[in-house]
Amino acid sequence: MLKFLGRAVAGFALFLVSFVAVGGLMSAAGHPAPRGKMVDIGEGRQLRLVCEGPAQGATGDRPVVWLEAGAFGFAADWGATQEALTKAGWRSCAYDRAGMGFSPPGPAPRDGLAIVSDFEKLVAASGEQGPFIVVGHSMAGLRLREYAGRNPDKIAGLVLVDAATADASETEAFKPFIQAFATASRWAARGASLGLYKPLVYTSLGDKIGLPPAAKAEKRWAFANGRHNRTAAAEVELWSESARQAVAVPAYDPAWPVAVVTAGPVQGREKRKAMQSAPAERSAHGYVDHVEAATHTRLLGEQFAGHIVKAVEFVGGRGG
């Protein structure tokens, strides 16, 4: 019995050491100390912004890279990618949409128009000078289409990372996926709101991307946070409306360089891969990279972030 208790105490001590090691990144408020800064976008509202890499003047003719996360994502999702971009000499900026991560909620509805309008205000308030390379993962493909259509003078190039496209989202074949994802998102929001995910924060579910320590702590916290998940579910609920809004603006200019990076094997997914690759195929300067060993989430992580850097360098005129 004493031996059992001894092992139990030792195990608990090891757990505490591990907890404190990760918890060192936590603030007194019970969440990670946020990286970056809060930026005023007007009307008393703020968004969290994380910019890394050399100051714009030091990058020469390299455009600043803006990173838009997908469904349930925020600036933390880009932690590994930003590290890789910085090492390659690029300046990049990621942010938390209203109600996501560390950004306060914004007015409803959280459709594409609301999100892109906030992004436009953030870009203007950031002081970063365009035109930019804009990068979007997953559902962010809808945001890139709308932002580019509304701000063609701000576009130096686009990178779509395993991204949905507005055109594909409008098809009948895609609607069952949207409906199923919306239902799953509602359940995810309920689970997080009830605190069901807190025991899972330090499992592999807390970070499916493979992030560096600071971003990993943020991602784990958001995974179990009710407000973050409820906002994400509300965004997904409006996927179809956001797609319609994106399709209503002009399509990508064929003169813009467009890189597409997808995750997973091509075989058996030919139609899906073709839809994802279409923006690059229509570009006069297009690039497609199918990273077959990657998953949808791990494509953003430390193992595969180099593929995104290579795509940025292609559209930035420094590769290909």
Side-chain angles (χ1 to χ4, degrees), residues 67-73 76-85 88 133-145 157-185 188 203-212 215-216 219 223 232 236 239 243 252 257-283 285-315 319-320:
L67 303 158
E68 177 71 61
F72 287 83
D77 289 37
W78 296 108
T81 301
Q82 286 196 279
E83 281 196 0
L85 285 167
I133 294 173
V134 288
V135 182
H137 176 240
S138 192
M139 190 179 178
L142 308 183
R143 321 303 185 204
L144 263 60
R145 168 69 182 270
L158 303 105
V159 178
L160 296 161
V161 183
D162 213 35
T165 65
D167 295 318
S169 298
E170 287 279 83
T171 64
E172 288 297 320
F174 204 80
K175 289 181 179 178
F177 165 79
I178 296 174
Q179 293 170 353
F181 188 31
T183 299
S185 298
T203 71
S204 60
L205 294 174
D207 169 24
K208 295 180 180 180
I209 295 173
L211 295 166
K216 182 186 291 290
K219 187 66 175 176
F223 165 73
V236 173
W239 184 311
Y252 294 145
V258 177
V260 168
V261 183
T262 76
V266 175
Q267 188 173 2
R269 304 181 181 182
E270 288 83 1
K271 289 184 179 179
R272 173 183 171 184
K273 296 286 185 177
M275 287 190 296
Q276 290 181 306
S277 302
E281 300 293 346
R282 296 186 190 117
S283 170
H285 192 59
Y287 166 93
V288 178
D289 179 14
H290 298 304
V291 188
E292 298 204 358
T295 65
H296 181 66
T297 52
R298 297 198 73 82
L299 185 55
L300 303 181
E302 293 177 311
Q303 183 178 0
F304 300 107
H307 290 267
I308 301 173
V309 174
K310 186 176 179 181
V312 166
E313 292 180 335
F314 175 86
V315 301

Q | side chain to side chain contact (heavy atoms under 4.5 Å, CB included) between H290 and V288, worked out | A | CA-CA 7 Å; H290 298 304; V288 178; 3.5 Å; yes
Q) How many angstroms lie between atom OG of S138 and atom CG of L300, to the nearest 0.5 angstrom? A) 9.0 Å
Q.
So which atom in G210 and which in A80 form the shortest heavy-atom distance, rounded to 0.1 Å?
A. O-CB, 4.2 Å
**Q.** Under 3.5 Å: donor-acceptor pair, side chain of E270, backbone of G268
**A.** yes
Q. In Å, rounded to the nearest 0.5 Å, how long is the span from CG of D167 to OG1 of T165?
A. 5.5 Å
Q: Using a strict 4.0 Å threshold on nitrogen-to-oxygen distance, state whether E172 and K175 make a salt bridge.
A: yes
Q) Only one of K273, Q276, R269 clears side chain to side chain donor-acceptor pair (under 3.5 Å) with T262; which? A) K273
Q: Check whether any side-chain N or O of T183 sits under 3.5 Å from a backbone N or O of Q179 as a donor-acceptor pair, and report yes or no.
A: yes
(Q) Tell me whether K219 is salt-bridged to D207, with the criterion being a basic N under 4.0 Å from an acidic carboxylate O. (A) no
Q) Is the closest side-chain heavy-atom distance between V315 and L158 below 4.5 Å? A) no
Q | Between CZ on residue F304 and OG1 on residue T297, distance to nearest 0.5 Å | A | 10.0 Å
Q. Under a 4.5 Å cut-off applied to non-hydrogen side-chain atoms, are V236 and F72 in contact?
A. yes
Q.
Any salt bridge linking R272 with D162? Criterion: basic side-chain nitrogen under 4.0 Å from a carboxylate oxygen.
A. yes
Q | K208 atom NZ, neighbour heavy-atom count above 12 within 6.0 Å | A | no
Q: Name the orientation class of the two ring planes belonging to H137 and W78 (parallel below 30°, tilted from 30 to 60°, perpendicular beyond 60°).
A: perpendicular
Q | Minimum heavy-atom distance F314-A259, with the two atoms named | A | CD2-CB, 4.5 Å
Q: Provide the closest heavy-atom pair for P212 versus E83 in the form atom of the first, atom of the second, distance.
A: CB-OE2, 3.4 Å
Q. Do the side chains of D289 and V260 get nearer than 4.5 Å, heavy atoms only?
A. no
Q: Calculate, to the nearest 0.5 Å, the distance between atoms CG and CD belonging to L85 and E313 respectively.
A: 8.5 Å
Q: Would you mind reporting whether L144 and E68 have side-chain heavy atoms less than 4.5 Å apart?
A: yes
(Q) Is any side-chain heavy atom of L160 closer than 4.5 Å to one of V261? (A) no
Q) Going by heavy atoms in the side chains, are Y252 and R145 under 4.5 Å from each other? A) yes
Q | Student check: side-chain heavy atoms of M139 and L142 closer than 4.5 Å | A | yes
Q) Side chain of S277, backbone of A274: donor and acceptor closer than 3.5 Å? A) no
Q. So which heavy atom on S283 is nearest to which on P257, and how close?
A. OG-CA, 3.9 Å
Q: Give a yes or no on whether Q267 atom CD has more than 12 heavy-atom contacts from other residues, nucleotides or ligands under 6.0 Å away.
A: no
Q. With side chains defined as the heavy atoms from C-beta onward, is the minimum distance between R143 and V134 less than 4.5 Å?
A. no
Q.
Please find the pair of heavy atoms, one from Y287 and one from A280, that lie closest to each other, and give the distance.
A. O-CB, 3.6 Å
(Q) To check you understand the geometry: which heavy-atom pair defines the closest contact between A305 and A84, and what is its length? (A) CB-CB, 4.1 Å
